[in-house]
Engineer: 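Just passing along the structure, written as structure tokens.
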Amino acid sequence: MIDTENAAAETAPERRRVGEPVVRFRGVRKTFGDTEVLKGIDLDLYPGEKVAVIGPSGSGKTTIARILMTLERPTGGTVEVEGEQLWHRVRKGRTVRADEKHLHRVRQSIGMVFQHFHLFPHMSIIRNVTEAPVHVLKMPKKQAESEALMLLDKVGLKEKALAYPGELSGGQKQRVAIARALIMKPKVMLFDEVTSALDPELVGEVLKVIKELAEESSMAMLLITHEMDFARDVADRVLFTDGGLIVEEGPPEELFERPRSERLQSFLARFRGR
Ligand code: ADP
Ligand code: MG
């Protein structure tokens, strides 16, 4: 017998929004000098949800990710991770600025893969992956190594465990960067244009790894990307940013097939016929 209720839950993106959001932005603003680059971002990311962020260069996508990763402090609004304020904390009934210790703790539920891989060049691949769990999470070295090998296997690089970053292609380095983020078992993974620095022939192997991960994993993912087919394929929901605002959002079919705003229509038109 087909379980229709569960089948529906599998396909309807809004059904994925169960429980409380793991990430909640409310009215988030960011100013650099005289320029306001985020003008009030509201964003909810639910457990297990895969959300793609598309939008022109300079529209604020990376700044959103960097604020969540605690690399930038917002100039306004609030950010919550698992119901806990990221940039503020309540102490004796008063809201105060978060200290480094608090940020460090909340940050541990978030993993990020950047456009450039930032591997340590003087460390073997396996040490690049085990460095943070051993030193930050105090995971026993043996356990970290066995988990690292498992993850390197998952990204197709087990045989490169003892190689050095300089011996790897860009696509391979990026797959190591993914394994390195995964070993921390984050609740949320951020991918910021992870294929845009790669030679075109290496893009596919990295997207394939992320796609497999998205399909099998219960982590929430925020995927900032210029790869429209990939966004459409992987995301439950797509956000379109322009000028520091989320201008449009919805299921991929809707956003790509029936863009409502003129800005999204012209943005998508630029990708057609490529
Ligand atoms: P995107 O990732 O969508 O290309 P970003 O979030 O990187 O956009 O940038 C949004 C705007 O903020 C851009 O105009 C960029 O020049 C500016 N910006 C980003 N980081 C800084 C910074 N550290 N100092 C000054 N301006 C910045
Ligand atoms: Mg960017």
Side-chain angles (χ1 to χ4, degrees), residues 23-45 50-79 81 86-87 100 103 107 110-119 170-171 173-174 177-178 181 186 188-200 202-203 206-207 210 220-232 234-235 237-250 252 255-256 259 261-271 274:
V23 171
R24 172 174 272 164
F25 276 50
R26 282 297 175 270
V28 171
R29 293 173 173 272
K30 178 68 185 177
T31 305
F32 289 112
D34 294 336
T35 319
E36 193 170 45
V37 304
L38 295 182
K39 298 176 179 166
I41 298 289
D42 294 332
L43 185 162
D44 287 321
L45 187 59
K50 320 301 179 211
V51 172
V53 183
I54 61 170
S57 178
S59 60
K61 305 180 298 295
T62 293
T63 306
I64 292 172
R66 288 177 57 83
I67 286 174
L68 187 54
M69 199 55 199
T70 74
L71 297 170
E72 300 285 357
R73 183 181 282 272
T75 35
T78 57
V79 178
V81 176
L86 185 54
W87 291 98
E100 190 46 44
L103 288 177
R107 188 190 291 149
I110 302 159
M112 184 159 180
V113 183
F114 301 86
Q115 184 175 343
H116 299 284
F117 339 106
H118 306 293
L119 299 182
K173 283 186 219 173
Q174 199 54 301
I178 293 170
V188 183
M189 274 282 276
L190 309 175
F191 295 89
D192 189 5
E193 306 212 358
V194 296
T195 58
S196 57
L198 298 178
D199 291 335
L202 304 176
V203 168
V206 175
L207 293 182
I210 299 174
M221 294 186 182
L222 198 66
L223 305 136
I224 301 172
T225 186
H226 273 123
E227 301 286 339
M228 297 301 137
D229 292 340
F230 170 72
R232 195 187 188 121
V234 170
R237 190 154 55 96
V238 181
L239 311 179
F240 170 61
T241 56
D242 194 17
L245 287 168
I246 295 172
V247 173
E248 210 167 316
E249 72 171 277
L255 233 86
F256 290 114
S261 62
E262 196 273 322
R263 288 199 270 180
L264 177 55
Q265 287 165 10
S266 63
F267 175 76
L268 292 176
R270 277 186 266 148
F271 282 89
R274 273 198 181 179

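Start at 1 with the first residue, then count along the sequence. Please read these numbers as outputs of a predicted model, since none were measured by experiment. Whatever order the structure lists ligands and atoms in, that order sets their numbers, starting from 1.
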Engineer: Decide whether T75 and R29 meet the rule of one side-chain donor and one side-chain acceptor closer than 3.5 Å.
Structural biologist: no
Engineer: Grab the two heavy atoms, one from H226 and one from F271, that are nearest each other, plus how far apart they are.
Structural biologist: O-CE2, 3.3 Å
Engineer: For P74, run the side chain to side chain contact (heavy atoms under 4.5 Å, CB included) check against I67, L68, L38, L86 and tell me which one passes.
Structural biologist: I67
Engineer: Distance check below 2.8 Å: does Q115 bring an N, O or S atom to the Mg ion (ligand 2)?
Structural biologist: no
Engineer: Output yes when R232 and E227 qualify as a salt bridge under the 4.0 Å nitrogen-oxygen rule, no when they do not.
Structural biologist: no
Engineer: Under a strict 4.0 Å criterion on non-hydrogen atoms, which protein residues are in contact with ligand 1?
Structural biologist: F32, V37, P56, S57, G58, S59, G60, K61, T62, T63
Engineer: I'd like to know if the side chain of E36 reaches the main chain of K30, judged simply by a donor and an acceptor atom lying under 3.5 Å from each other, with no hydrogens or angles considered.
Structural biologist: no
Engineer: Indicate every side-chain donor-acceptor pair of residues 53-65 with a distance under 3.5 Å to a residue at least two apart or in another chain.
Structural biologist:
from, atom 1, to, atom 2, distance (Å)
S59, OG, P56, O, 2.7
S59, OG, T241, OG1, 2.9
K61, NZ, G55, O, 2.9
K61, NZ, P56, O, 2.9
T62, OG1, D192, OD1, 3.4
T62, OG1, D192, OD2, 2.7

